[in-house]
Peer 1: 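One structure coming up, written as structure tokens, with questions to follow.
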Protein chains: 2
Amino acid sequence: MRWRELDQQECSVARTVSVIGDRWTLLVLRECFLRVRRFEAFQERLGITRPLLSERLQKLVDAGVLERVAYQERPTRHEYRLTPRGLDLYPVLMAIVHWGDVHMAKDGRRPLLHRHRVCGHVFDPVMVCSECQEPLKAGEVKVEPGFRADGETPASAAQTEAPW
Amino acid sequence: MRWRELDQQECSVARTVSVIGDRWTLLVLRECFLRVRRFEAFQERLGITRPLLSERLQKLVDAGVLERVAYQERPTRHEYRLTPRGLDLYPVLMAIVHWGDVHMAKDGRRPLLHRHRVCGHVFDPVMVCSECQEPLKAGEVKVEPGFRADGETPASAAQTEAPW
DNA sequence: ATGGTGCGTTTGGATTCTGAACCCGTCAAG
DNA sequence: CTTGACGGGTTCAGAATCCAAACGCACCAT
């Protein structure tokens with residue numbers, strides 16, 4: 001498999017990675033969630049080179065994650081905004097931030113804190129089960145075959161229930 | 001900023017991306033969570049080239065995400081296992097899987113289903129607030145400065161509360 | 001002696017990334 | 001009416017990374 005053929009894989013991780021898995025793309029999205037919208041702002045804040053920023057933004061637009069919106073005429077200028085599809089990436093970013101906070105922060109000091117307007121507290125993001133609301137642990141989740149486009153029985157390799 | 005200097009950034013997203021943001025690395029981790037452990041198995045299942053797999057596994061070991069464990073002597077052979085630090089990446093993978101299920105699945109058909117042993121149901125992963133247990137929405141979270149190593153006042157750029 | 005297994009490394013050519021410079025439409029100042 | 005600034009890109013050469021195929025190595029089995 002080549003990197004560019006990822007989106008054809010029958011796997012939700014592979015298909016998501018084909019959208020957000022390029023270098024810089026997750027950092028561009030970080031800035032988007034911090035309400036950065038303009039080419040110049042992305043470029044300056046990230047230190048990414050201009051050709052690459054241009055290409056990455058275009059890919060995110062093509063994927064429906066961002067939209068390019070005119071914010072003035074004469075001269076026409078555009079900015080990049082998260083679409084609903086892009087906003088749905090929030091849990092991905094929060095999971096990444098939280099892992100970094102826990103495992104990569106020096107002396108346990110977090111660069112940013114998150115406050116939940118709903119309850120007013122500084123919080124951590126927690127991944128829970130939609131059915132019972134309990135926090136998810138990898139060992140408590142069983143992977144089962146879903147639908148496969150080719151109609152074959154899914155290879156249930158690595159389905160033994162050994163611990164990690 | 002160059003890609004390799006990412007880990008020096010004062011940002012949890014950047015530091016996490018410096019570990020998991022390389023091409024193939026998230027797919028390697030997907031396999032790890034499916035209990036794949038051996039070099040040959042990763043190589044065959046992913047179709048990644050051998051030199052790259054070798055380098056990615058080594059980086060994950062260096063980052064403390066995987067550990068290299070001998071599973072036999074004569075000849076000595078090793079396998080790669082998730083450490084506790086690696087297991088903590090589970091929410092990241094689940095968030096990615098879920099986004100792919102919702103936004104990239106053809107005809108809404110998911111390649112895999114997840115069953116929660118605790119409650120017995122097929123579920124979706126949901127990111128909630130650790131304090132009030134409510135599902136998180138990007139617009140309901142305020143970003144605040146945390147600790148900064150350089151002692152400066154954090155640049156509160158893009159802190160206006162405009163919608164996306 | 002030959003072949004197979006598991007886990008890599010080496011090597012040369014194909015992609016991709018980087019850094020610097022350049023281009024374009026518009027406005028504003030000199 | 002020329003010059004400069006602003007925002008948002010594109011072009012281009014050289015550097016870094018990736019790919020595919022082949023090779024190496026320790027052991028075992030035939």
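Throughout, protein chains are lettered first and strands after them, A, B, ... in sequence-line order, and every chain is numbered starting at 1.
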Peer 1: Measure the distance from CD on B:Q72 to C1' on D:dA26 and round it to the nearest whole Å.
Peer 2: 11 Å
Peer 1: Between A:E44 (CD) and D:dG8 (C1'), how many Å, whole number?
Peer 2: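 Spelled out: CD on A:E44 to C1' on D:dG8 is 14 Å.
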Peer 1: Separation of A:F42 atom CZ from D:dG8 atom P, in whole Å?
Peer 2: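 So the CZ-P distance, A:F42 to D:dG8, works out to 10 Å.
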Peer 1: Just to be sure I understand the rule, does A:Y71 reach a base, reach only the sugar-phosphate, or reach nothing, if contact means heavy atoms closer than 4.0 Å?
Peer 2: sugar-phosphate
Peer 1: Do A:P125 and A:H114 make a side-chain contact, defined as non-hydrogen atoms from C-beta onward lying under 4.5 Å apart?
Peer 2: no
Peer 1: Tell me: NZ of B:K59 to C1' of C:dG8, nearest whole Å?
Peer 2: 18 Å
Peer 1: Report whether A:V128 and B:Y90 are members of the same hydrophobic cluster (ILVMFWY, side-chain heavy atoms less than 4.5 Å apart, transitive linking).
Peer 2: no
Peer 1: Quick one, A:L29 with A:V92, criterion side-chain contact (heavy atoms from CB on, under 4.5 Å). Give me CA distance, side-chain angles, the key distance, then yes/no.
Peer 2: CA-CA 10 Å; A:L29 289 170; A:V92 176; over 6 Å; no
Peer 1: Heavy atoms under 4.0 Å, any strand shown: does B:Y80 hit a base, just sugar-phosphate, or nothing?
Peer 2: sugar-phosphate
Peer 1: In this structure, would B:V102 and A:V17 fall into the same cluster of hydrophobic residues linked by side-chain contacts under 4.5 Å?
Peer 2: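 B:V102 and A:V17: separate clusters.
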Peer 1: Mind calculating the distance between CZ (B:R68) and P (C:dG6) to the nearest angstrom?
Peer 2: 16 Å
Peer 1: Would you kindly give the NE2-to-C1' distance between B:H78 and D:dC25, to the nearest whole Å?
Peer 2: 15 Å
Peer 1: Pick the nucleotide of DNA chain D nearest each of A:E40 and B:R77; which residue has the one closer to the 5' end?
Peer 2: A:E40
Peer 1: Just how far, in rounded Å, is P of D:dT10 from CD of A:Q58?
Peer 2: 8 Å
Peer 1: Closest approach of A:M104 and B:R85, non-hydrogen atoms and distance?
Peer 2: SD-NH1, 4.2 Å
Peer 1: For A:E67 and A:R81, run salt bridge (charged side-chain N to carboxylate O under 4.0 Å, His left out): C-alpha distance rounded to whole Å, both residues' side-chain angles, the deciding distance at 0.1 Å, then the answer.
Peer 2: CA-CA 5 Å; A:E67 58 183 344; A:R81 298 195 188 201; over 6 Å; no
Peer 1: Which heavy-atom pair separates B:R30 from A:A14 by the least distance, and what is that distance?
Peer 2: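 Answer, listing the atom of B:R30 first, then A:A14: NH1-CB, 3.9 Å.
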Peer 1: Summarise how protein sits on nucleotides 11-24 of chain C as a single string, 5' to 3': B when a protein heavy atom is under 4.0 Å from the base, S for sugar-phosphate-only contact, - for no contact.
Peer 2: -----SSSBB----
Peer 1: Is the phosphate of C:dT26, meaning OP1 or OP2, less than 4.0 Å from a side-chain N or O of A:T76?
Peer 2: no
Peer 1: How many Å lie between CD on B:E5 and P on D:dA16, as a whole number?
Peer 2: 13 Å
